[in-house]
Peer 1: 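Would you mind keeping the following structure in view while I ask a few things?
Only a predicted model underlies this, so the values are computations on that prediction, with no experimental measurement involved. So that the names make sense, note that chain A is the first sequence line, chain B the second, and so on, each numbered from 1.
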Amino acid sequence: MARQAPLLTRTLAIGLAAVAMLLGVAVVVPALLDWRAGPDLPPVTRMASPGEPIPAEALAFRIRPGDLSVPLDAEPREGARPRTMEAYRSLRAYPGAPPRIPHEVSPEQSRANLCNACHAGGGYVPRFGAYTPVTPHPEFSDCLQCHVPDAGAVGAGLAAVPTDLSGVGWAPTDWVPSEWPELDQRAMPGSPLWIPHELRLRENCLACHAGPSAVEELRTTHPDRTDCRSCHMPLVTEEPTFTRPLARSTGGDS
Amino acid sequence: MTAVDRRTFLKQAAMASASAAAASMVPGVTFGAELHDYLEGFAAPSDVTWHKTPCRFCGVGCGLQVAIEDGRAVAVRGDPDSPVNRGLACVKGYHSVQALYGRDRLTRARVRRNGEFVDVPIQEALDLIADRLRETIEETGKDSVAMYGSGQWTIPDGYVASKFFKGGIGTNNLEANARLCMSSAVTGFMTSFGMDEPMGCYEDIDHADVFVLWGNNMSEMHPVLFSRMLKERDRRPDVRIIDLATRTTRTSYAADRSILFTPQADLAIANGICHEIVRRGWADREFVDRYVTFKEGRTGIGYGLEDDFSFSDRATDASWSDFVEFLDDYTPERVEEISGVPASEIRWLASLYGDPSRKVMSFWCMGMNQHTRGTWINNLVYNIHLLTGKIATPGNSPFSLTGQPSACGTVREVGTLTHKLPYGDVTDPEAREKAAEIWGVPVENIDPEPTHHTVSMFRALDRGDIRFIWIQVTNPMVTMPHLNRYRDGAEKDGRFIVVSDVYPTPTTDVADVILPAAMWIEREGLFGNSERRTQHFQQLLEPPGDAMSDTWQLIEVARRLGYEELFPWSYQDHIDGIWAEYIRFHDSPDHRMAPLAELRQRPGIIWPYVDGQETKWRYNTETDPAADPARGAFDFYGKPDHRAWIWLRPYEPPPEWPDEEYPFWLNTGRVLEHWHSGSMTRRIPTLHRAVPGAYVEIHPADARALGIGEGERVRLVTRRGSLELPARIEFRAQPPRGQVFVPFFDETLLVNELTLDAYCPISAQPDYKKCAVRVERIGVE
């Protein structure tokens, strides 16, 4: 019974939403589509297809000009504190781990899940003298389920966070993270870099690899190219190439 | 064999390098400039030289520059001087040279003796091939031998094959894999315009406001053109990209709108768009009255599933009012019933095509071509452009893309298809006279009757009507639909099969002789891309071992059969000789081709090339020297009435439809990383490691209903075969409910054992995109 109540609520909600949508369709769509004065574009929707999003691709093209507070090809302003590789790594327990939050999160912010107000669009934050990192997955809003503030962080932690946290009351640990991947991995001189990390939750390359908030070593030289994975590949197997026996034995004559 | 001597090679290499350096100073390169600067900065040792070449892979035809060091290719960059890609390439192009160095590269000829392959010197293998070819012709006639090539053939390969088989042996048993890729595009052009290949060019992308992609996952299949399109949308915010497809792909996510339709319903959608354009008064009646004729063809035309199937269309005159009446069946509401696309979306599409202030480009490739009504859907998309007068001007461009690097250059322009000659059809006495004159053969040598298209050719091999087949640069034992039948046929006794390739494949498995082929820049050659651009590449590397170019293999065998006079050239000058002879076939303002000296210097030249000018827009009297200004702004001179033809082509269902026993649609195709049957790209570590094997894409809701989890093995069963492979639910693309998709690059998971060999009766191109399949859960083993 305890499980059925939410289900019932959900069914009701879906039903109400469907009715609202039908009303919307009945009223709005004909108004948009009956162009007595000539053709015009109805509002563009990115996705008309039903179905669930596909983690590996659905958000690959999320960032478009105008989506961000600062253009992707903008140079960081004079005096802005750069986001360093050292700080980037020190906020992550291991390569691929969700970064900790190096600034204070007020109880109000925490309750309202306001992270995306800054981290969806990025931009310069005078209080910290730095650019806000852009999240590659703004479709999630319960940010604090993966990203947690460091104890006592008030913004000063934008520089590298000390890995020895015993001073803030943490128990010592023998944890050894996996190696950070080399940055310059490619097949031949000049050929496109491989993607040395998994793509789950990081499908949108430009969020981390372009714009003034990107770590300099990770920033692309060509942020205007938005179909990143037409050139850059993640490697999912260690096996270098396909190999086959010279010939299957067959009944061929001769 | 005689290879190009080192001195000539070095001299040519130096010339190519100098021209590339000179060309890079040409201003106006923007697309790839920063990448170019970046690459200039990477430490290149002084003994590395860079040379231009078209990419070896798809039909986009990107210009590449390849770095050669100590006789080996060591790096690749996009050629900033190529107007195609302006310095960019895709991941396949950037890693293309690694395909030359796979460890199992074929370097020796192999002959099957008592069921086992034995290495032999290549000259001995060529002797054997010539003997068997002669014996087969003597025993069972000239039409019992056949040649099967592809759109990966260079232009000289295809030209020599045509001259040898059609001019020498006198059989029309000459076909190419391109039949499986774009013959519907050809018949579409021929029936609508009377001449093959697009009227526009890639430069249309710089002018168009709306891009409609008809069943074309461009982001993966034509990535560089897609990037050009995205760039235009960034530059001009009003640009709209519409993905009209049966499956949600990377392209859908990048598009401004993704519209999914029921397989085969594109026919109804195109007619629905025309219906709305006519009803709203958006048709350009002045254009239509002056430049268009209406035609009706046969209906209920079948699917080619029977061995003795034959079909010929008949065009009957129709009128504007016939057309309007025909469109009555395609109200947006009726189209919604057929296609599942809301009527509002049909109206919206019509408004884009119909808005006189917007320039519209339509793109398509396999989605429309691999279709049992492939010719019809090509006609129908041309109808939309003709009805609105949006054609043959910058940015108004129905654009048929190709999949192979020289499907246009070799198969379509040289005409390596059963019914074709380098100029015209075998059935046309004038075309035969012209070929006989240029080839120096008696006109009686050229058979006026076409024989077998590809599917029919492999059926003839199975039946034993064809007993000798030579297959070059393609892999039919992966790519033929209904593969089991054709592999069983190829393996029957009394069949002699020669395969020229660069790696062992399932096709070399059924061979009696394997010839090692020189690949791409290991020989001199030419390709022709989707925008009528002819592209030359110099020999930059020595082929490994005994490997020999396909052109030269053919010449060697032809000479052994006594055709020395047809092939009088030395190895050093054979490409020059072939080109000079070949372009005599096209020596008129509607198809004139550039001389080799210019092609050697430039990153491709678009034909017709008249008085030193490329013709970017054909049929437009301002830009096309073959078009007669007295006829107005346009002259569709391919047709005798100088008009383009709007065809009244109805919706007809596909031959197989999901039912209770086989409840899903099966769609097949490519992925970005792998090119065609994967025999090259799977030897490139970056590409193989990104996508190591085939899989079946299933919609999450279908997977849930069947109890299938990500990565679990499932069994696909059709009326023709079954296949076990892993399910991907959250990988890259997503079919809608009731459909599954399998890529065909993986020779260990041959999806073509499941596909149906139904084809378009007009083009004879099979439909790889639709058949009925059952999905069975195997579960965790």
Side-chain angles (χ1 to χ4, degrees), chain A residues 29-30 32-33 35 38-42 44-52 54-61 64-66 186-192 194 221-222 224-227 229-254, chain B residues 34-35 38-39 42 74-77 90-91 94-95 98 102 104 112-113 115 117 219 223 226-227 230-231 234 240 248 250 252-254 256-260 344 347-348 351 354-355 491 493-494 504 508-510 512 672-673 682-683 685-686 688-690 692 699-700 730-734 736:
Chain A
V29 172
L32 281 170
L33 295 176
W35 312 292
D40 200 4
L41 276 173
V44 167
T45 52
R46 289 275 169 82
M47 281 301 305
S49 74
E52 300 159 34
I54 300 159
E57 292 292 331
L59 296 161
F61 295 93
R64 296 254 302 267
R186 54 176 103 220
M188 290 173 283
S191 61
W194 293 329
T221 59
H222 43 272
D224 53 327
R225 299 264 169 67
T226 51
D227 193 2
R229 272 170 269 155
S230 70
C231 294
H232 302 279
M233 292 289 121
L235 308 181
V236 301
T237 168
E238 289 295 314
E239 180 198 3
T241 63
F242 169 70
T243 46
R244 78 193 297 274
L246 173 66
R248 219 159 44 87
S249 55
T250 69
D253 62 320
S254 174
Chain B
E34 79 280 7
L35 188 69
Y38 160 71
L39 286 173
F42 97 75
V74 294
V76 181
R77 62 189 182 195
C90 79
V91 70
Y94 281 123
H95 295 87
Q98 293 187 316
D104 55 345
R112 190 188 294 277
R113 288 192 182 133
F117 280 117
S219 171
F226 192 68
S227 286
L230 293 180
K231 187 101 170 173
D234 285 351
R240 292 287 175 272
T248 306
R250 181 181 284 185
S252 321
Y253 290 118
D256 297 288
R257 189 184 284 260
S258 150
I259 299 172
L260 290 174
S344 58
R347 294 198 171 92
W348 180 68
S351 79
D355 180 349
E491 288 179 343
D493 284 348
T508 62
D509 285 352
V510 302
D512 295 285
L672 166 74
E673 291 80 358
R682 298 185 88 200
R683 267 95 181 170
T686 304
H688 176 70
R689 290 184 60 188
H699 189 277
E730 300 182 337
F731 181 48
R732 177 172 302 171
Q734 188 180 79

Peer 1: Give the minimum heavy-atom separation between B/A690 and A/M233, together with the two atoms involved.
Peer 2: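 Of all heavy-atom pairs spanning B/A690 and A/M233, the closest is CB-SD, 3.6 Å.
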
Peer 1: Taking B/R250 for the side chain and A/R229 for the main chain, is one N or O donor matched with an acceptor at less than 3.5 Å?
Peer 2: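 Yes.
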
Peer 1: Do you know which of B/P223, B/G102, B/P685 has the most heavy-atom pairs with chain A at a distance under 4.5 angstrom?
Peer 2: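 Highest number of heavy-atom pairs under 4.5 Å: B/P685.
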
Peer 1: Can you sort out the partners of A/S230 under side chain to side chain donor-acceptor pair (under 3.5 Å), two or more places apart, ordered by chain and number?
Peer 2: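 None.
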
Peer 1: If you take all heavy atoms of B/R683 and A/F242, which pair is closest and at what distance?
Peer 2: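 Smallest interatomic distance, heavy atoms only, reads NH1-CD2, 4.0 Å.
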
Peer 1: Got B/V74 and A/P189 here, is their nearest side-chain heavy-atom distance under 4.5 Å?
Peer 2: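 B/V74 does not reach A/P189 side chain to side chain.
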
Peer 1: Which pair of heavy atoms, one from B/Q98 and one from A/A187, lies closest together, and at what distance?
Peer 2: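 In terms of heavy atoms, the two residues are closest at NE2-CB, 3.7 Å.
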
Peer 1: For the residue pair B/Y94 and A/S191, what are the closest heavy atoms and their distance?
Peer 2: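 It is O-CB, 4.2 Å.
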
Peer 1: Any non-hydrogen side-chain atom of A/T226 less than 4.5 Å from a side-chain atom of B/D234?
Peer 2: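 A side-chain contact under 4.5 Å exists here.
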
Peer 1: Do you know the tightest heavy-atom contact between B/H95 and A/P192?
Peer 2: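 Minimum heavy-atom contact is CE1-CD, 3.9 Å.
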
Peer 1: Just checking, is any N or O donor in the side chain of B/S227 or A/D227 under 3.5 Å from an acceptor N or O on the other one?
Peer 2: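 No, because no side-chain N or O of B/S227 sits under 3.5 Å from a partner of the opposite role on A/D227.
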
Peer 1: Output yes when a side-chain donor or acceptor of B/R689 lies under 3.5 Å from a complementary backbone atom of A/T237, and no otherwise.
Peer 2: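 Answer holds: yes.
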
